[in-house]
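Because only heavy atoms are used, hydrogens play no part in the values below, and waters and symmetry mates are left out as well, while side chains stay in. Within every chain, numbering begins at 1; the chains are lettered A, B, ... in the order of the sequence lines, protein sequences first and strands thereafter.
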Amino acid sequence: MTKLTRRRFGVLAGIGATTLAMPAYLRAQGAAPRVVIIGGGAGGATAARYIARDSEGAIDVTLINDADRYTSCFFSNLYLGGFRDFASITHDYATLESQYGITKVTGLAASVDREAMTVTMADGATLPYDRLIVAPGIDLIYDAIEGYSEEAAQIAPHSWKAGAQTQLLHDKLNALEDGQNIVMVAPPNPYRCPPGPYERVSMFAHVLKSKGFTNSTITILDPKPRFSKQGLFTEGWARHYPGMIDWLGADIIDEVGAVDVNAGVVETGFGAFEGALLNIIPPQKAGAIAAQAGLTDDSGFCPIDANSMRSTIDENIFVIGDASIAGAMPKSGFSANSQAKVAALNVRGDLTDARVFPARYANTCWSLIETNDGVKVGAQYAVEDGVIASTSSFISETGESDELRKETYEESLGWYAGITADMFGTSA
Amino acid sequence: MAGCFGVVAVISPVSSSAVLADAAAAEEPTAAQDAAEAILQIEGDIAYGQFLASECLTCHQESGATDGIPAIVGIAKDYFVLAVVEYQTNVRDSDVMRVQVASLGGEEIAALAAYLGTLDPK
Ligand SMILES: Cc1cc2nc3c(=O)[nH]c(=O)nc-3n(C[C@H](O)[C@H](O)[C@H](O)COP(=O)(O)OP(=O)(O)OC[C@H]3O[C@@H](n4cnc5c(N)ncnc54)[C@H](O)[C@@H]3O)c2cc1C
């Protein structure tokens, strides 16, 4: 704590001791109010750090994550492409524990009792909360694709949750021989990281091209009629990987049918496609705990109040990140990090007398197409008519100079260093 | 101008600030400098700045470390305020920053400057 204490007092001197105040009923009990956070990813880790940092010890923060390390999906495509190593996208919670006083619980949160305001862990331990933040990310709807399952994902990985799946896809990609083909099944909306599948295909192509595998092709079977940054990717693929990548959208394939992972075959309305490597990315829903807690609606995701990220179903619970329905914001690490800060402020407003300010949100998604050819799309958001709406935005343009594309890529490296420092409290 | 102040350019804020000040002494102040001067007169609300700054700290590290994105911790207040105004008025060229600062008024910029001034680079 020592390092933090010094800075905490610096901040404290500036804003006065008011944030240390807490409601009288809690002071009377002599206990700090408890915040429990389920999910130690882009949303949950950020929320934990900001609540701990800014409440200066007035709130007791417990962060639950099912693993003791977090491998980010963001930049996992760059790992597939050979631009990053696995260690560089894997982070631990040591600084959050040692310098921010956050209690890290490693294990699966199995259920939430909203009446009793407790979280029960898979091992039976029970954690009471005054406010709960639910940030479990997504779960995959395996059975939406006939023939696909969690077991089948060992042969045809989705790699849409990072970790062992990402390494499996990396190994399978690197085991391909010239002339062997890749088939990706892209997910329908809404899913995490709209440009993600297309950045991933770019990384596949980069690896094949680097090895001189000119006889291998990549086919994307897409249940959508169009996709994020389509013009930019299409231009980049034609430029860097001519003839290698085929994107077949809903207009052509109609729908994705059954998958046979052992035979390496995907059926569609436009015939069957065969690949030595299948990357199947199924439809998605909020992480299972969100539905267990009764926080989801028919969409499978969680409705929230745009002003605070508070669940519209339970006022003691906030839902952030991919699990939430966040209006115009895409499901991204950047979005989850941004939403975490709004939720953290509102949690502090609930439990201490911290002032709450109008919500504002931001997102930028960078994608790498080929070495030093980065593109980006981003926006700023505010609450309009009760929903999170984009107030200004930008997207890279086709035909940009090589210099600008390189700058964009380098900016993305800075962003990754920044957001992971912001989540885990580490400094580079 | 835009090129040398691009987001990824590695610059020394303190010395750049001094250069700008010299330039300002020699020439008429620009519209951005006038606007920045007015903002510097506003007393920033630190608690508000703490929330607003959380958005910046996604990319600009709280420790002041730079990895391709310049630091906003430990830099001169007048430099910071002028930079924000210059992104708002397209004197500085960056898509990301233009969008990020678009909705900041004088009160917000002053609040940010006040809060960031409480942080020490590590
Ligand atoms: C290939 C790919 C590339 C991407 N690239 C980018 C990018 O460049 N930029 C970007 O901004 N975003 C990117 N994303 C999206 C980004 O990864 C997600 O949007 C982001 O991680 C969402 O954050 P989250 O906090 O909602 O969930 P997560 O980051 O997934 O964190 C949730 C955590 O909670 C844990 N958990 C879930 N349920 C429980 C439970 N019951 N008990 C305990 N722990 C639990 C999970 O294991 C996980 O560790 C990418 C995604 C993919 C798949």
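- Counted within 6.0 Å of CG on A/D85, heavy atoms from surrounding residues, nucleotides or ligands total more than 12; the atom is thus considered enclosed.
- Remark: A/E384 CD is packed, more than 12 non-hydrogen atoms of other residues, nucleotides or ligands lying under 6.0 Å away.
- Considering all non-hydrogen atoms of both residues, A/K341 and B/S54 come closest at NZ-O, 2.5 Å.
- Contact annotation for A/S393: only backbone heavy atoms (N, CA, C, O) come within less than 4.5 Å of a heavy atom of chain B.
- Within the 4.5 angstrom heavy-atom criterion, no atom of A/T391 approaches chain B.
- Put simply, OG1 on A/T408 and CG on B/D95 are 8.0 Å apart, with the number rounded to the nearest 0.5 Å.
- Contact record, A/D54 with B/Q50: OD1-NE2, 2.9 Å, taken as the closest heavy-atom pair.
- Distance CG/B/L52 to CZ/A/F357: 8.0 Å, rounded to 0.5 Å.
- Nearest approach of B/C59 to A/W366, heavy atoms of both residues: SG-CH2, 4.4 Å.
- Ranking B/A102, B/A114, B/G117, B/S103 against chain A, the residue ahead of the rest is B/S103, based on heavy-atom pairs under 4.5 Å.
- Only the side chain of A/Y50 comes within contact range of chain B, judged by heavy atoms closer than 4.5 Å.
- Summarising the geometry of A/A417 relative to B/Q61, their closest heavy-atom pair is CB-NE2, 3.6 Å, with the distance given to 0.1 Å.
- Annotation: maximal heavy-atom pairing with chain B below 4.5 Å, among A/V356, A/L413, A/D422, occurs at A/D422.
- Contacts of residues 35-43 of chain B with chain A at a heavy-atom distance below 4.5 Å are absent; not one residue qualifies.
- Salt-bridge formation is not detected for the pair B/E108/A/R360: no Lys NZ or Arg NE/NH1/NH2 atom is positioned less than 4.0 Å from an Asp or Glu carboxylate oxygen.
- Contact annotation for A/L345: only side-chain heavy atoms (C-beta onward) come within less than 4.5 Å of a heavy atom of chain B.
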CA sep, side-chain torsions, deciding dist, call: B/E62, A/R49, side-chain contact (heavy atoms from CB on, under 4.5 Å): CA-CA 12 Å; B/E62 190 178 319; A/R49 192 171 84 85; 3.2 Å; yes
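- Here the side chains of A/R355 and B/F51 are not in contact, with every heavy-atom distance at 4.5 Å or above.
- The CZ atom of A/F394 sits 10.5 Å away from atom CE of B/M97, with the distance rounded to the nearest 0.5 Å.
- Heavy-atom minimum distance, B/I69 versus A/W415: CD1-N, 3.5 Å.
- For B/E107, the CD atom counts as loosely surrounded, since its 6.0 Å shell holds 12 or fewer non-hydrogen atoms of other residues, nucleotides or ligands.
- Taking CD1 of A/I419 as the reference point, atom CG of B/L57 lies at 12.0 Å (rounded to 0.5 Å).
- Using a 4.5 Å cut-off between heavy atoms, A/A379 contacts chain B through its backbone alone, with no side-chain atom that close.
- Contacts of A/E397 classified as salt bridge (charged side-chain N to carboxylate O under 4.0 Å, His left out), with partners at least two apart in sequence or in another chain: none.
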